[in-house]
Every structure is written in C-alpha cells, then in structure tokens.
Amino acid sequence: MRREWLTVARESKNLSRMQLAERCEVSVSSIDLYESGHRRPSPEVAKVIGSELGFAWTSFYEDEQSTRIAK
C-alpha cells in the first residue's frame, strides 16, 4: 500500500528523495521503499523521518494497522 501521505509530507518541505535520505542517513532506495509501502523503517529511522517532515513517527505503524483492519 503506497504511502501517499509520506510523499506529500516530503514534497511539502520541498525535499527530494535524495535530500531526505541524506538528512536521515539512509539510502535513497530506502526512502523509495518507505514511500511505496514495500518496507517500513525501523522505529529509530521513523523517528528521524517524522522529525524532519513534521509528523508523528508512529504514522508508519498506524498505516499498517489500518490495512490489517480493513482486510
């Protein structure tokens, strides 16, 4: 399940995937995987991304729970 909210949050800060990756000390491919919904970050990385983009880091996990409940 694609995490559109993550892409929107990144773009609202005028950051490229590469810029966000550099700020969070992860690879660009990791950012791609997080945005596409194919992988979720560790809690430590989720906290950094949330801090950089201004959202609760737990959003990565709430998104997954909503998917499970809907099935």
Side-chain angles (χ1 to χ4, degrees):
M1 176 179 182
R2 183 148 184 81
R3 294 186 182 105
E4 279 297 320
W5 58 267
L6 180 56
T7 303
V8 169
R10 176 180 55 75
E11 291 175 347
S12 74
K13 298 288 186 179
N14 295 315
L15 293 173
S16 68
R17 286 183 181 98
M18 181 173 286
Q19 290 169 318
L20 180 60
E22 288 172 356
R23 288 183 179 200
C24 298
E25 298 181 358
V26 298
S27 67
V28 175
S29 62
S30 290
I31 298 297
D32 288 336
L33 289 169
Y34 303 152
E35 288 187 0
S36 69
H38 287 107
R39 185 173 288 169
R40 70 173 180 204
S42 67
E44 294 80 16
V45 172
K47 289 175 185 176
V48 174
I49 293 172
S51 177
E52 286 292 330
L53 299 181
F55 64 83
W57 67 273
T58 55
S59 297
F60 285 104
Y61 304 94
E62 292 165 2
D63 183 51
E64 189 171 280
Q65 286 179 330
S66 298
T67 302
R68 277 193 234 139
I69 291 169
K71 288 184 179 178

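Counting begins at 1 with the first residue of the sequence. A quick note: this is a predicted structure, and the numbers were derived from the prediction, not measured.
Under the 4.5 Å side-chain contact rule for hydrophobic residues, Leu33 and Trp5 do not share a cluster.
The backbone N or O of Val48 sits nowhere less than 3.5 Å from a side-chain atom of Ser51 that would complete a donor-acceptor pair.
Here Ser12 contributes atom OG and Leu53 contributes atom CG; the two are 7.0 Å apart, rounded to the nearest 0.5 Å. Rounding to the nearest 0.5 Å gives a distance of 9.0 Å between NZ of Lys47 and OG of Ser42. Rounding to the nearest 0.5 Å places CD1 of Ile31 at 10.5 Å from CD of Glu22. Atom CD of residue Glu62 and atom CH2 of residue Trp57 lie 9.5 Å apart, to the nearest 0.5 angstrom. Taken from OG in Ser36 to CE in Met1, the straight-line distance is 12.5 Å, to the nearest 0.5 Å. Atom OH of Tyr34 sits about 9.5 Å away from atom CZ of Arg3, to the nearest 0.5 Å.
Scanning all heavy atoms of the two residues, the minimum distance from Tyr61 to Pro43 falls at OH-N, 3.3 Å. Among all heavy-atom pairs drawn from Arg10 and Leu20, the shortest one is CD-CD2, 3.9 Å. Contact between Phe60 and Ala46 at its shortest, heavy atoms only, is CD1-CB, 3.6 Å.
Taking Glu52 as the reference, Arg23 meet the salt bridge (Lys or Arg N to Asp or Glu O under 4.0 Å) condition, with sequence neighbours excluded.
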Under the criterion side chain to side chain contact (heavy atoms under 4.5 Å, CB included), I'd like the reasoning laid out for Arg2 against Thr7: C-alpha separation, chi angles, the key distance, then a yes or no.
CA-CA 9 Å; Arg2 183 148 184 81; Thr7 303; 3.7 Å; yes
Go through Ile49 and Leu6 one step at a time and tell me if the side chain to side chain contact (heavy atoms under 4.5 Å, CB included) criterion holds.
CA-CA 9 Å; Ile49 293 172; Leu6 180 56; 4.1 Å; yes
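When hydrophobic side chains of Ile, Leu, Val, Met, Phe, Trp and Tyr are connected at separations under 4.5 Å, Val28 ends up clustered with Met18.
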